[in-house]
Amino acid sequence: MVHSSLRYDPVPASVKIDLELHKPYRTWFGLGRLRCEWCNHKWGAHGCPKRRSAVKLLASKINSDSLREVLTQLIGFSWGGAA
């Protein structure tokens, strides 16, 4: 049998894409409120809804407790079975 030389990545590509695309920007010539540059949602304390769900899924796929703890501190809330 032939074995693949590619490593298995437990984090789905959709999570990586959402984290890359959904970033904040300031409206009204850089002086206004923060909005998501991709989906144009209001940027809250934890980002837009798509970015929040991507971070939750990322945290659920991480096997390291220390990295999970860092994500919990950065995001500021706990989620389901990930924390």
Side-chain angles (χ1 to χ4, degrees):
M1 270 176 81
V2 177
H3 293 292
S4 174
S5 62
L6 299 175
R7 292 181 36 209
Y8 171 73
D9 190 2
V11 180
S14 63
V15 169
K16 295 176 185 179
I17 291 170
D18 282 344
L19 289 174
E20 185 63 33
L21 292 178
H22 295 272
K23 295 180 180 178
Y25 77 97
R26 290 213 177 265
T27 59
W28 203 66
F29 302 109
L31 302 172
R33 296 179 181 245
L34 287 173
R35 296 197 71 86
C36 179
E37 122 185 333
W38 186 255
C39 65
N40 208 26
H41 272 89
K42 180 181 170 189
W43 194 266
H46 308 296
C48 68
K50 290 287 277 184
R51 187 172 178 90
R52 274 194 303 255
S53 64
V55 170
K56 286 180 186 179
L57 188 57
L58 175 66
S60 71
K61 299 292 182 180
I62 291 177
N63 293 330
S64 170
D65 289 335
S66 61
L67 284 176
R68 235 183 247 166
E69 183 65 30
V70 167
L71 277 177
T72 303
Q73 294 299 321
L74 286 175
I75 300 304
F77 62 91
S78 62
W79 43 83

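Fair warning: this is a prediction, and the values are worked out from it, not measured in the lab.
The side chain to side chain donor-acceptor pair (under 3.5 Å) test applied to Lys42 returns no partner, not counting sequence neighbours. In this structure Pro12 satisfies the side chain to side chain contact (heavy atoms under 4.5 Å, CB included) test together with Ser14, Val15, Leu57, Lys61, sequence neighbours excluded. Under the rule for a side chain to side chain donor-acceptor pair (under 3.5 Å), the partners of Arg35 that lie at least two apart in sequence or sit in another chain are Asn40. Applying the side chain to side chain contact (heavy atoms under 4.5 Å, CB included) test to Leu21 and every residue at least two apart in sequence or in another chain returns Ile17, Trp38.
By the 4.5 Å heavy-atom criterion applied to side chains, Arg51 and Cys36 are not counted as neighbours.
Applying the salt bridge (Lys or Arg N to Asp or Glu O under 4.0 Å) test to every pair with at least one member in residues 23-32, sequence neighbours left out, gives these pairs: Glu20-Lys23.
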